[in-house]
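Everything below concerns the one structure shown next.
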Amino acid sequence: MENEYNLSLHKEKQDLSSDQLLQVIFDYASKIANEKDLDRLLMIMADMGREIVVADRCTLWLVDQNKNELWTKVAHKIDEIRIPSDSGLVGHAVQTGQPIYIDDAYGDERFNANVDKQTGYRTKAILVIPIRNNDGEIVGAYQAINKMTKAEKFSEKDLRTLTLAASYTGKSLESALLAHEIEETQKEIIFTMGEIGESRSRETGNHVKRVAEYSKLLALLTGMSETEAELIKMASPMHDIGKVAIPDSILKKPGKLTKEEFDEMKTHAEVGYNLLKGSNRKILRAAAVIAHEHHEKWNGQGYPNQLKGEEIHIYGRITAIADVFDALASDRVYKKAWDMERILNLFKDEKGEHFDPELTDLFLENFHSFVEIKDQYRDDS
Ligand code: C2E
Ligand code: SIN
Ligand code: SIN
Ligand code: SIN
Ligand code: FE
Ligand code: FE
């Protein structure tokens, strides 16, 4: 009964605020980016899941195709557990591809209490989310156990947040399992961070992919090297990461923002910068600059620092065009997508005002290439 006792001691925890959530994600993203060993990586990912949903435990189960089993090395205190791949709640989630979200495991017939028997642990609330690889095959599952807040159960929001994490760890996991393409994985993490920022404003994951591609294309058009263009591509998805700190009432407001609301919205540039600036990693340093300067304007009337012309870092000037093009070409909670004619006119008007005139020319001369990228990463596909 020692476990029951320990459990009750910890039920005072609170759900994470938006800032804490962002901090947790940020802390783990850099750890994950630096970790090349699969076992430790799984631990880190499990710990991140645990903190995100404020669970007592979080486990990453992996499918062993050869043995038709699920295995994990990350259960806290236990080295390795194996269960048949159709057993229990995790088995059920893996077989059906559906997440599971229950308040008391013992009231659910799919629950296999054998693991509890082996470990002496008392499972109550459970959240299980299948993880898919790039091909959409299920490669494992995230399983969070026992909610440590007063509510003692996982919420809709926990399900959403962990689902988001799971949808990206799936891709990363596969590359780690193959022990290849660590660099690819680091890119995924960067996207994950960006998409978590965007997801709260209900923009689709494709938004950050498109902004990344537009930014890279613009970088290449200015004559930057492939390496630097790739750096911008990896960093630009994080331009709006600071939006995680903006309340839903503003972020998801269907209509126009009041002046006060917009003032608060504008803090996302500074917030994002402050979170990213501490890193020495190249990609994150570029991301910090981009988060900070993507809303500065060539004419000095942007925010947060009213930088002017070439005072604005070239990465900021590039991302500004990519971000606005994508915002205009997409539906947002507060506006419908614009047609291409209207978008072209805005860029012509804003050349030398909002946007760097040389970059604007390159953008307009190659407009069809940007439209191609847009069509390739459509929101409905
Ligand atoms: P976002 O939706 O990603 O938009 C990025 C930028 O695209 C905007 O930066 C703006 O420069 C441009 N943009 C987007 N929609 C329009 C438009 O309808 N007309 C024009 N001329 N430009 C547009 P901005 O203005 O600094 O806004 C930053 C963020 O603030 C936006 O990111 C969005 O999340 C939010 N936001 C801005 N206006 C509204 C609004 O009226 N309602 C709501 N709910 N959010 C808004
Ligand atoms: C935090 O880092 O803000 C809290 C983490 C946790 O309690 O799980
Ligand atoms: C089981 O105990 O059912 C296996 C893992 C889980 O679903 O809790
Ligand atoms: C991850 O991105 O979450 C895992 C990193 C890796 O697969 O190397
Ligand atoms: Fe922004
Ligand atoms: Fe954006």
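Just follow the structure's listing: the first ligand is 1, and inside any ligand the first atom is 1.
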Next on the checklist: I need the contact type for His295 against ligand 1. Using non-hydrogen atoms and a strict under-4.0 Å cut-off, is it side chain, backbone, both or neither?
Outcome noted: side chain
Item to check | Location of contacts on Leu328 toward ligand 1, heavy atoms closer than 4.0 Å | outcome: side chain
Checklist entry - Any luck finding a side-chain donor-acceptor pair between Asp116 and Thr123 under 3.5 Å? => result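 Yes, a side-chain donor-acceptor pair sits under 3.5 Å.
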Checklist entry - Any side-chain donor paired with an acceptor under 3.5 Å for Asp19 and Gln23? => result no
Examine ligand 1 and decide if any of its atoms is less than 4.0 Å from a heavy atom belonging to [X].
{"X": "Asp326", "value": "no"}
{"X": "Gly255", "value": "yes"}
{"X": "Leu346", "value": "yes"}

Checklist entry - In a check of side chain to side chain contact (heavy atoms under 4.5 Å, CB included) between Lys153 and each of Ile102, Asp103, Ile126, which one passes? => result Asp103
Next on the checklist: For a distance under 2.8 Å, tell me if Asp323 has an N/O/S atom near the Fe ion (ligand 5).
Outcome noted: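 For Asp323, the answer is no, given that no N, O or S atom comes within less than 2.8 Å of the Fe ion (ligand 5).
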Item to check | the Fe ion (ligand 5) to nearest N/O/S of His295 below 2.8 Å | outcome: yes
Item to check | Among Met265, Lys243, His239, His354, closest by any non-hydrogen atom to atom 35 (C) of ligand 1 | outcome: Met265
Checklist entry - For atom 26 (O) of ligand 1, which candidate among Trp338, Tyr303, Phe325 provides the closest heavy atom? => result Tyr303
[X] to ligand 1: N or O pair under 3.5 Å?
{"X": "Tyr334", "result": "yes"}
{"X": "His268", "result": "no"}
{"X": "Arg332", "result": "yes"}

Item to check | Partner of Tyr315 under side-chain hydrogen bond (donor to acceptor under 3.5 Å, both in side chains), chosen from Glu228, His292, His239 | outcome: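 Per the side-chain hydrogen bond (donor to acceptor under 3.5 Å, both in side chains) rule, the option paired with Tyr315 is Glu228, out of Glu228, His292, His239.
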Show the atoms of ligand 1 that are less than 4.0 angstrom away from any heavy atom in [X].
{"X": "Asp323", "result": "3 (O), 5 (C)"}
{"X": "Ala327", "result": "4 (O), 5 (C), 7 (O), 14 (C)"}
{"X": "Lys256", "result": "41 (O)"}
{"X": "Lys253", "result": "43 (C), 44 (N)"}
{"X": "Ile250", "result": "44 (N)"}

Item to check | Metal-centred angle, OD1 of Asp240 through the Fe ion (ligand 5) to NE2 of His268, rounded to 10 degrees | outcome: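 The OD1/NE2 angle about the Fe ion (ligand 5) sits at 90°.
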Next on the checklist: Could you check, using the six-membered ring where one of them is a Trp, whether Phe367 and Phe347 have ring centers closer than 6.0 angstrom?
Outcome noted: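 No, the ring of Phe367 stays outside the 6.0 Å limit from the ring of Phe347, centre to centre.
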Next on the checklist: What's the separation between atom CG in Asn305 and atom NE2 in His295, rounded to the nearest 0.5 Å?
Outcome noted: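 Atom-to-atom, Asn305:CG and His295:NE2 are 13.5 Å apart.
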Next on the checklist: Using 0.5 Å steps for rounding, measure from the OH atom of Tyr142 to the CD1 atom of Ile52.
Outcome noted: 6.5 Å
Checklist entry - Cation over ring, Lys209 on Tyr377, under 6.0 Å and within 45°? => result no
Checklist entry - Checking salt bridge (charged side-chain N to carboxylate O under 4.0 Å, His left out) against Asp104, which of Lys124, Lys147, Arg122 comes through? => result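 That would be Arg122; it is the only one of Lys124, Lys147, Arg122 passing the salt bridge (charged side-chain N to carboxylate O under 4.0 Å, His left out) with Asp104.
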Checklist entry - Among the clusters formed by ILVMFWY side chains lying less than 4.5 Å apart, do Ile290 and Trp298 turn up in the same one? => result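 Ile290 does not cluster with Trp298.
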Checklist entry - Are the side chain of Glu152 and the backbone of Ala125 linked by a donor-acceptor contact shorter than 3.5 Å? => result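 No; judged by distance alone, with no hydrogens or angles, the pair does not exist.
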